[in-house]
Protein chains: 2
Amino acid sequence: MITLAEVQAFCTVARAASTPHALLQAVEEITAAMGFRYFALVHHIDLLNPGSTAVRLVSYPRDWVDAFEEGRLYAADPIHRASHTTTIGFAWSKVEAMISLHPRDHAVLAAARSAGLGDGFTIPAHVPGEVNGSCSFAMREGEDLNEEQLPLVQLVGSFAFEAARKIARATIAPIAAAPQLTERQIECVALVARGKTDWEIAKILGVGAETVTQHLKDARDRYGVTKRTMLAIRALFDGAISFTDILR
Amino acid sequence: MITLAEVQAFCTVARAASTPHALLQAVEEITAAMGFRYFALVHHIDLLNPGSTAVRLVSYPRDWVDAFEEGRLYAADPIHRASHTTTIGFAWSKVEAMISLHPRDHAVLAAARSAGLGDGFTIPAHVPGEVNGSCSFAMREGEDLNEEQLPLVQLVGSFAFEAARKIARATIAPIAAAPQLTERQIECVALVARGKTDWEIAKILGVGAETVTQHLKDARDRYGVTKRTMLAIRALFDGAISFTDILR
DNA sequence: TATGTTATCCCCAGAACTGGGGAGGGATCG
DNA sequence: CGATCCCTCCCCAGTTCTGGGGATAACATA
(Lines give C-alpha, C1' and ligand atoms only; values in the text may rest on other atoms or scores of the structure.)
Protein backbone atom coordinates (compact mmCIF):
# COMPACT_ATOMS: atom_id res chain seq x y z
CA MET A 1 0.00 0.00 0.00
CA ILE A 2 1.44 3.29 -1.10
CA THR A 3 1.30 6.33 1.14
CA LEU A 4 0.19 9.86 0.50
CA ALA A 5 3.73 11.02 1.20
CA GLU A 6 5.02 8.84 -1.61
CA VAL A 7 2.42 10.26 -3.95
CA GLN A 8 3.47 13.76 -3.03
CA ALA A 9 7.08 12.87 -3.60
CA PHE A 10 6.18 11.49 -7.01
CA CYS A 11 4.28 14.65 -7.77
CA THR A 12 7.35 16.73 -7.03
CA VAL A 13 9.60 14.54 -9.15
CA ALA A 14 7.11 14.42 -12.03
CA ARG A 15 6.66 18.17 -11.98
CA ALA A 16 10.41 18.61 -12.17
CA ALA A 17 10.93 16.08 -14.97
CA SER A 18 11.96 17.80 -18.16
CA THR A 19 12.47 14.80 -20.43
CA PRO A 20 10.22 11.86 -21.29
CA HIS A 21 12.93 9.55 -19.99
CA ALA A 22 13.07 11.14 -16.56
CA LEU A 23 9.31 10.95 -16.30
CA LEU A 24 9.28 7.37 -17.53
CA GLN A 25 11.61 6.34 -14.77
CA ALA A 26 9.56 8.08 -12.11
CA VAL A 27 6.36 6.49 -13.38
CA GLU A 28 7.98 3.07 -13.56
CA GLU A 29 9.06 3.33 -9.96
CA ILE A 30 5.74 4.41 -8.60
CA THR A 31 3.90 1.86 -10.73
CA ALA A 32 5.82 -0.86 -8.97
CA ALA A 33 5.39 0.80 -5.61
CA MET A 34 1.64 0.79 -6.11
CA GLY A 35 1.70 -2.91 -6.84
CA PHE A 36 1.00 -2.61 -10.57
CA ARG A 37 2.95 -4.32 -13.33
CA TYR A 38 2.18 -2.18 -16.35
CA PHE A 39 1.25 1.38 -17.20
CA ALA A 40 0.30 3.39 -20.27
CA LEU A 41 0.29 7.14 -20.35
CA VAL A 42 -1.03 8.18 -23.73
CA HIS A 43 -2.88 10.64 -25.85
CA HIS A 44 -5.67 8.87 -27.68
CA ILE A 45 -4.55 9.39 -31.22
CA ASP A 46 -3.06 7.50 -34.06
CA LEU A 47 0.09 5.98 -32.61
CA LEU A 48 1.31 4.99 -36.03
CA ASN A 49 1.10 8.49 -37.33
CA PRO A 50 4.72 9.47 -37.89
CA GLY A 51 4.00 13.15 -37.42
CA SER A 52 2.59 12.55 -34.01
CA THR A 53 4.32 14.27 -31.13
CA ALA A 54 1.79 13.26 -28.55
CA VAL A 55 2.31 11.92 -25.10
CA ARG A 56 3.18 8.27 -25.07
CA LEU A 57 4.82 6.36 -22.26
CA VAL A 58 3.99 2.68 -22.24
CA SER A 59 5.19 -0.38 -20.38
CA TYR A 60 2.59 -2.88 -21.52
CA PRO A 61 3.55 -6.42 -22.57
CA ARG A 62 5.26 -6.37 -25.94
CA ASP A 63 2.64 -8.69 -27.43
CA TRP A 64 -0.15 -6.37 -26.56
CA VAL A 65 1.57 -3.23 -27.77
CA ASP A 66 2.18 -4.93 -31.11
CA ALA A 67 -1.38 -6.20 -31.38
CA PHE A 68 -2.65 -2.81 -30.39
CA GLU A 69 -0.70 -0.98 -33.03
CA GLU A 70 -1.16 -3.45 -35.81
CA GLY A 71 -4.88 -3.68 -35.21
CA ARG A 72 -5.07 0.10 -35.00
CA LEU A 73 -6.98 -0.42 -31.81
CA TYR A 74 -6.25 3.02 -30.47
CA ALA A 75 -9.46 4.10 -32.14
CA ALA A 76 -11.58 1.20 -30.95
CA ASP A 77 -10.24 0.43 -27.50
CA PRO A 78 -13.25 0.27 -25.17
CA ILE A 79 -11.10 1.44 -22.26
CA HIS A 80 -10.32 4.63 -24.13
CA ARG A 81 -13.97 5.04 -25.06
CA ALA A 82 -15.02 4.57 -21.46
CA SER A 83 -12.46 7.13 -20.35
CA HIS A 84 -14.26 9.68 -22.51
CA THR A 85 -17.34 9.44 -20.33
CA THR A 86 -15.99 10.31 -16.92
CA THR A 87 -13.74 12.67 -14.98
CA ILE A 88 -12.42 10.21 -12.43
CA GLY A 89 -10.54 6.95 -12.57
CA PHE A 90 -12.29 3.65 -13.10
CA ALA A 91 -11.43 -0.04 -12.87
CA TRP A 92 -11.50 -1.91 -16.16
CA SER A 93 -13.87 -4.42 -14.64
CA LYS A 94 -16.46 -1.63 -14.42
CA VAL A 95 -16.34 -0.67 -18.07
CA GLU A 96 -19.46 -2.60 -18.99
CA ALA A 97 -21.45 -0.39 -16.66
CA MET A 98 -20.10 2.72 -18.37
CA ILE A 99 -20.51 2.05 -22.08
CA SER A 100 -22.24 -0.55 -24.19
CA LEU A 101 -19.77 -3.08 -25.49
CA HIS A 102 -19.85 -4.24 -29.07
CA PRO A 103 -18.74 -7.83 -29.75
CA ARG A 104 -15.67 -6.22 -31.25
CA ASP A 105 -14.95 -4.60 -27.89
CA HIS A 106 -15.11 -7.93 -26.13
CA ALA A 107 -12.61 -9.23 -28.64
CA VAL A 108 -10.25 -6.38 -27.81
CA LEU A 109 -10.55 -7.05 -24.10
CA ALA A 110 -9.99 -10.76 -24.62
CA ALA A 111 -6.91 -10.03 -26.69
CA ALA A 112 -5.55 -7.87 -23.88
CA ARG A 113 -6.10 -10.65 -21.38
CA SER A 114 -4.40 -13.20 -23.54
CA ALA A 115 -1.42 -10.85 -23.80
CA GLY A 116 -1.11 -11.07 -20.03
CA LEU A 117 -3.00 -7.98 -18.91
CA GLY A 118 -5.27 -8.44 -15.92
CA ASP A 119 -7.51 -5.86 -14.32
CA GLY A 120 -6.46 -2.26 -14.50
CA PHE A 121 -7.33 1.27 -13.50
CA THR A 122 -7.55 4.15 -15.92
CA ILE A 123 -7.51 7.85 -15.10
CA PRO A 124 -8.92 10.01 -17.90
CA ALA A 125 -7.28 13.28 -18.82
CA HIS A 126 -9.19 15.76 -20.88
CA VAL A 127 -8.40 19.31 -21.80
CA PRO A 128 -10.84 21.11 -24.05
CA GLY A 129 -9.36 21.52 -27.49
CA GLU A 130 -6.60 18.98 -26.97
CA VAL A 131 -6.67 15.35 -27.87
CA ASN A 132 -7.94 13.27 -25.02
CA GLY A 133 -5.61 11.14 -23.03
CA SER A 134 -5.46 8.78 -20.13
CA CYS A 135 -3.11 7.16 -17.69
CA SER A 136 -3.66 3.47 -17.05
CA PHE A 137 -2.15 1.07 -14.57
CA ALA A 138 -2.60 -2.66 -14.95
CA MET A 139 -2.02 -5.88 -13.02
CA ARG A 140 -0.98 -9.22 -14.38
CA GLU A 141 -3.83 -11.58 -15.03
CA GLY A 142 -5.18 -13.11 -11.84
CA GLU A 143 -3.98 -10.32 -9.59
CA ASP A 144 -6.55 -8.10 -7.89
CA LEU A 145 -6.74 -4.35 -7.69
CA ASN A 146 -6.25 -2.87 -4.24
CA GLU A 147 -9.49 -0.91 -3.97
CA GLU A 148 -8.24 0.97 -0.93
CA GLN A 149 -5.50 2.78 -2.72
CA LEU A 150 -7.34 3.63 -5.94
CA PRO A 151 -7.80 7.27 -4.90
CA LEU A 152 -4.06 7.60 -4.61
CA VAL A 153 -3.60 5.84 -7.91
CA GLN A 154 -5.89 8.41 -9.44
CA LEU A 155 -3.73 11.20 -8.07
CA VAL A 156 -0.62 9.58 -9.45
CA GLY A 157 -2.27 9.21 -12.84
CA SER A 158 -3.36 12.81 -12.93
CA PHE A 159 0.04 14.13 -11.94
CA ALA A 160 1.81 11.83 -14.35
CA PHE A 161 -0.36 12.88 -17.24
CA GLU A 162 -0.02 16.55 -16.48
CA ALA A 163 3.73 16.18 -16.27
CA ALA A 164 3.84 14.40 -19.61
CA ARG A 165 1.56 17.00 -21.08
CA LYS A 166 3.85 19.76 -19.86
CA ILE A 167 6.84 18.07 -21.46
CA ALA A 168 5.03 17.51 -24.74
CA ARG A 169 3.10 20.76 -24.76
CA ALA A 170 5.65 22.68 -26.70
CA THR A 171 5.55 20.20 -29.55
CA ILE A 172 1.91 19.12 -29.67
CA ALA A 173 0.01 20.87 -32.38
CA PRO A 174 -3.41 21.66 -31.01
CA ILE A 175 -6.22 20.32 -33.15
CA ALA A 176 -7.02 23.93 -33.82
CA ALA A 177 -7.28 26.96 -31.67
CA ALA A 178 -10.87 26.97 -30.54
CA PRO A 179 -12.47 29.94 -32.24
CA GLN A 180 -15.04 31.90 -30.32
CA LEU A 181 -18.52 31.83 -31.79
CA THR A 182 -20.97 34.64 -31.26
CA GLU A 183 -24.01 34.04 -29.12
CA ARG A 184 -26.32 33.85 -32.10
CA GLN A 185 -24.02 31.45 -33.88
CA ILE A 186 -23.96 29.17 -30.86
CA GLU A 187 -27.75 29.18 -30.69
CA CYS A 188 -27.92 28.20 -34.34
CA VAL A 189 -25.29 25.49 -33.98
CA ALA A 190 -27.07 24.06 -30.94
CA LEU A 191 -30.23 23.74 -33.00
CA VAL A 192 -28.32 22.28 -35.91
CA ALA A 193 -27.04 19.66 -33.50
CA ARG A 194 -30.65 18.86 -32.73
CA GLY A 195 -31.29 18.12 -36.36
CA LYS A 196 -33.18 21.28 -37.21
CA THR A 197 -33.17 22.73 -40.70
CA ASP A 198 -32.26 26.35 -41.31
CA TRP A 199 -35.94 27.11 -41.81
CA GLU A 200 -36.89 25.52 -38.49
CA ILE A 201 -34.13 27.33 -36.66
CA ALA A 202 -35.32 30.59 -38.16
CA LYS A 203 -38.83 29.97 -36.83
CA ILE A 204 -37.49 29.07 -33.39
CA LEU A 205 -35.27 32.12 -33.15
CA GLY A 206 -37.81 34.39 -34.79
CA VAL A 207 -35.59 35.57 -37.62
CA GLY A 208 -35.40 35.02 -41.34
CA ALA A 209 -34.12 31.79 -42.77
CA GLU A 210 -31.42 33.66 -44.65
CA THR A 211 -30.11 35.02 -41.39
CA VAL A 212 -29.74 31.55 -39.95
CA THR A 213 -27.99 30.38 -43.10
CA GLN A 214 -25.63 33.31 -42.73
CA HIS A 215 -24.88 32.60 -39.05
CA LEU A 216 -24.08 29.01 -39.89
CA LYS A 217 -21.97 30.08 -42.82
CA ASP A 218 -19.97 32.32 -40.51
CA ALA A 219 -19.71 29.63 -37.85
CA ARG A 220 -18.42 27.11 -40.40
CA ASP A 221 -15.87 29.67 -41.51
CA ARG A 222 -14.61 30.20 -37.97
CA TYR A 223 -14.02 26.52 -37.45
CA GLY A 224 -12.72 26.10 -40.96
CA VAL A 225 -15.16 23.30 -41.74
CA THR A 226 -17.48 22.87 -44.68
CA LYS A 227 -20.24 20.69 -43.26
CA ARG A 228 -22.80 21.42 -40.59
CA THR A 229 -22.16 18.01 -39.09
CA MET A 230 -18.50 18.85 -38.50
CA LEU A 231 -19.58 22.22 -37.18
CA ALA A 232 -21.83 20.65 -34.57
CA ILE A 233 -19.20 18.16 -33.52
CA ARG A 234 -16.42 20.68 -33.24
CA ALA A 235 -18.66 22.95 -31.20
CA LEU A 236 -19.45 19.98 -28.99
CA PHE A 237 -15.83 19.07 -28.62
CA ASP A 238 -14.68 22.38 -27.33
CA GLY A 239 -17.68 22.98 -25.16
CA ALA A 240 -19.45 25.70 -27.10
CA ILE A 241 -22.48 23.44 -26.95
CA SER A 242 -23.09 20.36 -24.87
CA PHE A 243 -25.02 17.13 -25.01
CA THR A 244 -27.33 18.46 -22.35
CA ASP A 245 -28.26 21.27 -24.74
CA ILE A 246 -29.01 18.79 -27.47
CA LEU A 247 -30.62 15.67 -26.09
CA ARG A 248 -33.80 16.31 -24.25
CA MET B 1 -5.03 18.74 7.93
CA ILE B 2 -7.45 16.26 6.47
CA THR B 3 -6.54 12.57 6.15
CA LEU B 4 -6.79 10.18 3.27
CA ALA B 5 -9.31 8.14 5.23
CA GLU B 6 -11.58 11.16 5.47
CA VAL B 7 -11.30 11.68 1.73
CA GLN B 8 -12.22 8.08 1.12
CA ALA B 9 -15.18 8.40 3.44
CA PHE B 10 -16.29 11.47 1.54
CA CYS B 11 -15.91 9.60 -1.70
CA THR B 12 -18.22 6.86 -0.45
CA VAL B 13 -20.82 9.33 0.76
CA ALA B 14 -20.66 11.40 -2.43
CA ARG B 15 -21.00 8.33 -4.59
CA ALA B 16 -24.09 7.30 -2.63
CA ALA B 17 -25.71 10.73 -2.68
CA SER B 18 -28.80 10.70 -4.85
CA THR B 19 -30.00 14.26 -4.36
CA PRO B 20 -28.26 17.61 -4.75
CA HIS B 21 -29.09 18.34 -1.15
CA ALA B 22 -27.38 15.24 0.19
CA LEU B 23 -24.30 16.01 -1.85
CA LEU B 24 -24.35 19.64 -0.80
CA GLN B 25 -24.23 18.64 2.84
CA ALA B 26 -21.36 16.25 2.30
CA VAL B 27 -19.38 18.86 0.39
CA GLU B 28 -20.10 21.48 3.04
CA GLU B 29 -18.76 19.22 5.74
CA ILE B 30 -15.57 18.28 3.98
CA THR B 31 -14.99 21.86 2.89
CA ALA B 32 -14.88 22.86 6.53
CA ALA B 33 -12.78 19.82 7.43
CA MET B 34 -10.21 20.84 4.83
CA GLY B 35 -10.02 24.30 6.33
CA PHE B 36 -11.81 26.09 3.52
CA ARG B 37 -14.69 28.53 3.90
CA TYR B 38 -16.36 28.43 0.51
CA PHE B 39 -16.83 26.09 -2.41
CA ALA B 40 -18.36 26.16 -5.86
CA LEU B 41 -19.11 23.07 -7.88
CA VAL B 42 -20.36 24.21 -11.26
CA HIS B 43 -20.68 23.65 -14.93
CA HIS B 44 -19.34 26.67 -16.78
CA ILE B 45 -22.50 27.82 -18.45
CA ASP B 46 -25.18 30.40 -18.15
CA LEU B 47 -26.34 30.06 -14.56
CA LEU B 48 -29.39 32.18 -15.31
CA ASN B 49 -30.72 29.77 -17.86
CA PRO B 50 -33.80 28.33 -16.16
CA GLY B 51 -33.98 25.27 -18.38
CA SER B 52 -30.47 24.27 -17.49
CA THR B 53 -29.89 20.86 -15.95
CA ALA B 54 -26.31 21.67 -15.20
CA VAL B 55 -24.40 21.02 -12.03
CA ARG B 56 -24.45 23.88 -9.58
CA LEU B 57 -23.63 23.75 -5.91
CA VAL B 58 -22.29 26.97 -4.47
CA SER B 59 -21.51 28.36 -1.04
CA TYR B 60 -19.76 31.56 -2.03
CA PRO B 61 -20.50 34.85 -0.29
CA ARG B 62 -23.89 36.16 -1.35
CA ASP B 63 -22.38 39.39 -2.65
CA TRP B 64 -20.09 37.57 -4.97
CA VAL B 65 -22.73 35.20 -6.30
CA ASP B 66 -24.95 38.16 -7.10
CA ALA B 67 -22.16 40.09 -8.76
CA PHE B 68 -21.17 37.02 -10.67
CA GLU B 69 -24.63 36.40 -12.03
CA GLU B 70 -25.52 39.98 -12.73
CA GLY B 71 -22.28 40.58 -14.52
CA ARG B 72 -22.67 37.31 -16.41
CA LEU B 73 -19.11 36.58 -15.35
CA TYR B 74 -19.43 32.86 -15.90
CA ALA B 75 -18.20 33.48 -19.41
CA ALA B 76 -15.30 35.70 -18.48
CA ASP B 77 -14.09 34.42 -15.13
CA PRO B 78 -10.31 34.00 -15.38
CA ILE B 79 -10.41 31.10 -12.93
CA HIS B 80 -12.73 29.25 -15.25
CA ARG B 81 -10.55 30.12 -18.22
CA ALA B 82 -7.48 28.85 -16.42
CA SER B 83 -9.28 25.63 -15.56
CA HIS B 84 -9.67 25.01 -19.27
CA THR B 85 -5.93 24.70 -19.71
CA THR B 86 -5.09 21.94 -17.29
CA THR B 87 -6.12 18.54 -16.00
CA ILE B 88 -5.09 19.00 -12.38
CA GLY B 89 -6.00 21.41 -9.64
CA PHE B 90 -4.34 24.80 -9.29
CA ALA B 91 -4.15 27.57 -6.73
CA TRP B 92 -5.75 30.84 -7.76
CA SER B 93 -2.53 32.62 -6.95
CA LYS B 94 -0.91 30.71 -9.82
CA VAL B 95 -3.42 31.75 -12.45
CA GLU B 96 -1.21 34.47 -13.86
CA ALA B 97 1.32 31.82 -14.82
CA MET B 98 -1.34 29.83 -16.65
CA ILE B 99 -3.17 32.38 -18.76
CA SER B 100 -2.64 35.98 -19.69
CA LEU B 101 -4.87 38.27 -17.70
CA HIS B 102 -6.66 41.20 -19.27
CA PRO B 103 -7.42 44.28 -17.23
CA ARG B 104 -10.98 43.00 -17.17
CA ASP B 105 -9.79 39.79 -15.52
CA HIS B 106 -7.99 41.73 -12.82
CA ALA B 107 -11.21 43.57 -12.21
CA VAL B 108 -13.05 40.29 -11.76
CA LEU B 109 -10.45 39.03 -9.33
CA ALA B 110 -10.52 42.29 -7.41
CA ALA B 111 -14.30 42.08 -7.19
CA ALA B 112 -14.01 38.58 -5.78
CA ARG B 113 -11.54 39.76 -3.17
CA SER B 114 -13.71 42.65 -2.13
CA ALA B 115 -16.59 40.20 -1.69
CA GLY B 116 -14.47 38.40 0.88
CA LEU B 117 -12.87 35.63 -1.16
CA GLY B 118 -9.21 34.95 -0.50
CA ASP B 119 -7.00 32.42 -2.20
CA GLY B 120 -8.58 29.27 -3.55
CA PHE B 121 -7.93 26.00 -5.29
CA THR B 122 -9.80 24.88 -8.38
CA ILE B 123 -10.04 21.38 -9.78
CA PRO B 124 -11.06 21.28 -13.44
CA ALA B 125 -13.53 18.70 -14.68
CA HIS B 126 -13.81 18.07 -18.35
CA VAL B 127 -15.68 15.42 -20.25
CA PRO B 128 -15.55 15.58 -24.05
CA GLY B 129 -18.93 16.65 -25.33
CA GLU B 130 -20.11 18.11 -22.05
CA VAL B 131 -19.85 21.64 -20.87
CA ASN B 132 -16.70 22.14 -18.89
CA GLY B 133 -16.94 22.33 -15.16
CA SER B 134 -14.86 22.78 -12.07
CA CYS B 135 -14.88 22.39 -8.33
CA SER B 136 -13.37 25.24 -6.36
CA PHE B 137 -12.57 25.67 -2.70
CA ALA B 138 -11.75 29.07 -1.28
CA MET B 139 -10.42 30.66 1.88
CA ARG B 140 -11.41 33.96 3.40
CA GLU B 141 -9.17 36.84 2.53
CA GLY B 142 -5.91 36.78 4.41
CA GLU B 143 -5.94 33.05 5.07
CA ASP B 144 -3.36 30.84 3.40
CA LEU B 145 -3.77 27.60 1.48
CA ASN B 146 -2.28 24.52 3.07
CA GLU B 147 -0.01 23.37 0.25
CA GLU B 148 0.54 20.00 1.87
CA GLN B 149 -3.02 18.84 1.51
CA LEU B 150 -3.74 20.16 -1.98
CA PRO B 151 -3.46 16.68 -3.52
CA LEU B 152 -6.23 15.50 -1.24
CA VAL B 153 -8.26 18.58 -2.04
CA GLN B 154 -7.92 17.67 -5.68
CA LEU B 155 -9.30 14.22 -4.98
CA VAL B 156 -12.23 15.65 -3.09
CA GLY B 157 -12.95 18.05 -5.93
CA SER B 158 -12.88 15.29 -8.52
CA PHE B 159 -15.13 13.00 -6.54
CA ALA B 160 -17.54 15.80 -5.72
CA PHE B 161 -17.83 16.83 -9.34
CA GLU B 162 -18.36 13.32 -10.58
CA ALA B 163 -21.04 12.76 -7.95
CA ALA B 164 -22.80 15.95 -8.97
CA ARG B 165 -22.53 14.97 -12.59
CA LYS B 166 -24.08 11.61 -11.85
CA ILE B 167 -26.99 13.23 -10.03
CA ALA B 168 -27.54 15.78 -12.77
CA ARG B 169 -27.58 13.06 -15.36
CA ALA B 170 -30.09 10.98 -13.45
CA THR B 171 -32.59 13.82 -13.35
CA ILE B 172 -32.62 13.99 -17.12
CA ALA B 173 -35.01 11.58 -18.74
CA PRO B 174 -32.82 8.79 -20.02
CA ILE B 175 -32.32 8.77 -23.73
CA ALA B 176 -33.91 5.85 -25.54
CA ALA B 177 -31.83 2.70 -25.27
CA ALA B 178 -28.96 2.82 -27.67
CA PRO B 179 -29.58 0.75 -30.77
CA GLN B 180 -26.67 -1.29 -32.07
CA LEU B 181 -25.28 -0.25 -35.40
CA THR B 182 -23.53 -2.70 -37.66
CA GLU B 183 -19.82 -2.34 -38.14
CA ARG B 184 -20.24 -0.91 -41.61
CA GLN B 185 -22.79 1.56 -40.40
CA ILE B 186 -20.44 2.72 -37.67
CA GLU B 187 -17.66 3.22 -40.19
CA CYS B 188 -19.96 5.31 -42.31
CA VAL B 189 -21.20 7.35 -39.36
CA ALA B 190 -17.65 7.97 -38.18
CA LEU B 191 -16.82 9.39 -41.58
CA VAL B 192 -20.00 11.42 -41.65
CA ALA B 193 -18.87 12.89 -38.34
CA ARG B 194 -15.67 13.92 -40.06
CA GLY B 195 -17.65 15.88 -42.60
CA LYS B 196 -17.35 13.49 -45.50
CA THR B 197 -20.01 13.27 -48.20
CA ASP B 198 -21.55 9.96 -49.17
CA TRP B 199 -19.42 9.95 -52.29
CA GLU B 200 -16.20 10.50 -50.32
CA ILE B 201 -17.10 7.81 -47.83
CA ALA B 202 -17.74 5.42 -50.70
CA LYS B 203 -14.25 6.10 -52.09
CA ILE B 204 -12.67 5.61 -48.66
CA LEU B 205 -14.48 2.35 -47.98
CA GLY B 206 -14.15 1.17 -51.55
CA VAL B 207 -17.84 0.63 -52.17
CA GLY B 208 -20.50 2.32 -54.24
CA ALA B 209 -21.96 5.63 -53.19
CA GLU B 210 -25.43 4.10 -53.16
CA THR B 211 -24.27 1.59 -50.59
CA VAL B 212 -23.07 4.31 -48.26
CA THR B 213 -26.34 6.15 -48.67
CA GLN B 214 -28.13 2.94 -47.77
CA HIS B 215 -26.00 2.30 -44.68
CA LEU B 216 -26.66 5.80 -43.45
CA LYS B 217 -30.34 5.45 -44.24
CA ASP B 218 -30.42 2.30 -42.10
CA ALA B 219 -28.42 3.92 -39.33
CA ARG B 220 -30.75 6.91 -39.22
CA ASP B 221 -33.68 4.52 -39.00
CA ARG B 222 -32.16 2.70 -36.03
CA TYR B 223 -31.72 5.89 -34.09
CA GLY B 224 -35.02 7.23 -35.30
CA VAL B 225 -33.47 10.45 -36.55
CA THR B 226 -33.83 12.17 -39.88
CA LYS B 227 -30.61 14.14 -40.18
CA ARG B 228 -27.05 12.96 -40.48
CA THR B 229 -25.98 15.56 -37.97
CA MET B 230 -28.25 14.04 -35.34
CA LEU B 231 -27.03 10.62 -36.35
CA ALA B 232 -23.41 11.55 -35.74
CA ILE B 233 -24.19 13.17 -32.43
CA ARG B 234 -26.31 10.30 -31.14
CA ALA B 235 -23.63 7.82 -32.15
CA LEU B 236 -21.09 10.00 -30.38
CA PHE B 237 -23.23 10.24 -27.28
CA ASP B 238 -23.61 6.55 -26.72
CA GLY B 239 -20.09 5.66 -27.62
CA ALA B 240 -20.60 4.03 -31.01
CA ILE B 241 -18.03 6.51 -32.24
CA SER B 242 -15.76 8.77 -30.23
CA PHE B 243 -14.07 12.09 -30.64
CA THR B 244 -10.93 10.08 -31.05
CA ASP B 245 -12.32 8.57 -34.20
CA ILE B 246 -13.29 11.93 -35.55
CA LEU B 247 -10.66 14.49 -34.71
CA ARG B 248 -7.50 13.02 -35.92
C1' DT C 1 -35.19 -25.55 -45.15
C1' DA C 2 -36.93 -21.18 -43.90
C1' DT C 3 -35.82 -16.88 -41.69
C1' DG C 4 -33.28 -13.05 -40.54
C1' DT C 5 -29.38 -10.09 -40.86
C1' DT C 6 -25.90 -7.86 -43.34
C1' DA C 7 -23.71 -5.88 -47.23
C1' DT C 8 -23.93 -4.52 -51.71
C1' DC C 9 -26.13 -1.99 -55.63
C1' DC C 10 -29.90 0.83 -58.37
C1' DC C 11 -33.53 4.83 -59.57
C1' DC C 12 -35.91 9.14 -58.61
C1' DA C 13 -38.00 13.56 -56.99
C1' DG C 14 -38.12 17.00 -53.77
C1' DA C 15 -35.92 19.19 -49.94
C1' DA C 16 -31.90 20.97 -47.82
C1' DC C 17 -27.38 22.58 -47.73
C1' DT C 18 -23.19 25.19 -49.45
C1' DG C 19 -20.39 28.87 -51.29
C1' DG C 20 -20.35 32.91 -53.93
C1' DG C 21 -21.88 37.60 -54.14
C1' DG C 22 -24.24 41.82 -51.83
C1' DA C 23 -26.30 45.42 -48.13
C1' DG C 24 -28.00 48.17 -44.01
C1' DG C 25 -28.21 49.26 -38.95
C1' DG C 26 -26.38 49.27 -34.34
C1' DA C 27 -22.91 48.84 -30.85
C1' DT C 28 -18.24 49.40 -29.14
C1' DC C 29 -13.68 51.00 -28.85
C1' DG C 30 -9.60 53.55 -29.67
C1' DC D 1 -14.86 59.72 -36.28
C1' DG D 2 -13.44 55.59 -38.51
C1' DA D 3 -12.79 50.70 -37.83
C1' DT D 4 -14.63 46.56 -36.45
C1' DC D 5 -17.83 43.36 -35.10
C1' DC D 6 -22.43 41.53 -34.82
C1' DC D 7 -27.08 40.78 -36.45
C1' DT D 8 -30.15 41.04 -39.98
C1' DC D 9 -31.76 40.18 -44.81
C1' DC D 10 -31.41 39.02 -50.01
C1' DC D 11 -30.14 36.32 -54.67
C1' DC D 12 -28.31 32.36 -57.19
C1' DA D 13 -26.22 28.05 -58.98
C1' DG D 14 -24.62 23.83 -57.90
C1' DT D 15 -24.13 19.99 -54.74
C1' DT D 16 -25.76 16.96 -51.30
C1' DC D 17 -29.27 14.73 -48.49
C1' DT D 18 -33.45 12.34 -47.66
C1' DG D 19 -37.19 9.17 -48.19
C1' DG D 20 -39.64 6.41 -51.22
C1' DG D 21 -39.38 2.29 -54.14
C1' DG D 22 -36.63 -1.70 -55.81
C1' DA D 23 -32.82 -5.89 -56.19
C1' DT D 24 -29.10 -9.86 -55.28
C1' DA D 25 -25.86 -12.59 -52.61
C1' DA D 26 -23.62 -14.34 -48.38
C1' DC D 27 -24.07 -16.02 -43.97
C1' DA D 28 -25.73 -17.60 -39.61
C1' DT D 29 -29.31 -19.63 -37.08
C1' DA D 30 -33.38 -21.81 -35.81
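Keep in mind that the numbers below use all heavy atoms, side chains included, and drop hydrogens, waters and symmetry copies. Just so it is clear: chains get the letters A, B, ... in the order the sequence lines come, proteins before strands, and each one is counted from 1.
The CD1 atom of B:Ile201 sits 12 Å away from the C1' atom of D:dC17 (whole-angstrom rounding). Taking atom CZ of B:Arg228 as the reference point, atom P of D:dG19 lies 11 Å away to the nearest angstrom. Distance CZ (A:Arg222) to C1' (C:dG19): 18 Å, rounded to an integer number of Å. Distance, A:Lys203 NZ to D:dC9 C1': 13 Å, rounded to whole Å. If you take CG of B:Asp221 and P of D:dC17, they are 17 Å apart, rounded to a whole angstrom. The interatomic distance linking B:Glu210 (CD) with D:dT18 (P) rounds to 14 Å, in whole Å. The distance from atom CH2 of B:Trp199 to atom P of D:dT15 is 13 Å, rounded to the nearest whole Å. One atom, CG of A:Leu181, and another, P of D:dC5, lie 15 Å apart when rounded to the nearest Å.
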Check step by step if side chain to side chain contact (heavy atoms under 4.5 Å, CB included) holds for A:Arg184 and A:Gln214.
-> CA-CA 11 Å; A:Arg184 217 47 167 166; A:Gln214 188 58 44; over 6 Å; no

What do the steps show when you test A:Phe137 against A:Phe121 for ring-ring contact (aromatic ring centres under 6.0 Å, His included), and what is the final call?
-> CA-CA 5 Å; A:Phe137 299 97; A:Phe121 190 75; 8.1 Å; no

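Comparing C:dT8, D:dC17, D:dT8 by their closest approach to the side chain of A:His215 singles out D:dT8. Closest approach to the B:Gln214 side chain among C:dC9, C:dA16, D:dT8 is made by C:dC9 (side chain taken as heavy atoms from C-beta onward).
For the pair B:Ile123/B:Ser136, no side-chain contact is recorded, criterion being any heavy-atom separation below 4.5 Å from C-beta on.
Using a 4.0 Å cut-off, no side-chain N or O of A:Thr226 falls inside it from OP1 or OP2 of C:dT18. Residue B:Arg184 places none of its side-chain N or O atoms closer than 4.0 Å to OP1 or OP2 of C:dT6.
The nearest pair of heavy atoms linking A:Thr86 to A:Pro124 is O-CG, 3.4 Å. Between B:Thr229 and A:Val192 the shortest heavy-atom distance is CG2-O, 3.6 Å. Nearest heavy-atom pair, B:Phe90 versus B:Ile79, reported as atom, atom and distance to 0.1 Å: CZ-O, 3.6 Å. Annotation for A:Ala82 and A:Met98: closest pair O-CE, 3.6 Å, computed over non-hydrogen atoms.
Heavy atoms from other residues, nucleotides or ligands lying under 6.0 Å from CD of B:Glu143 number more than 12.
Residue whose closest nucleotide on DNA chain C sits further toward the 5' end, between B:Glu183 and A:Arg220: B:Glu183. Between B:Gly206 and B:Lys227, the one whose closest nucleotide on DNA chain C sits nearer the 5' end is B:Gly206.
Heavy atoms of A:Thr182 sit under 4.0 angstrom from primed sugar atoms or phosphate atoms, though from no base atom. Base contact: A:Lys217 has a heavy atom under 4.0 Å from a base atom. Within the nucleic acid shown, A:Thr213 comes within 4.0 Å of at least one base atom, counting heavy atoms only. B:Gln185 comes within 4.0 angstrom of nothing in the nucleic acid, heavy atoms only. If you check every strand for non-hydrogen atoms under 4.0 Å, B:Thr197 touches sugar and phosphate atoms only.
Each end of the helix from C:dT1-D:dA30 to C:dG30-D:dC1 yields a helix axis from five base pairs, and these two axes differ in direction by 60° (to the nearest 10 degrees).
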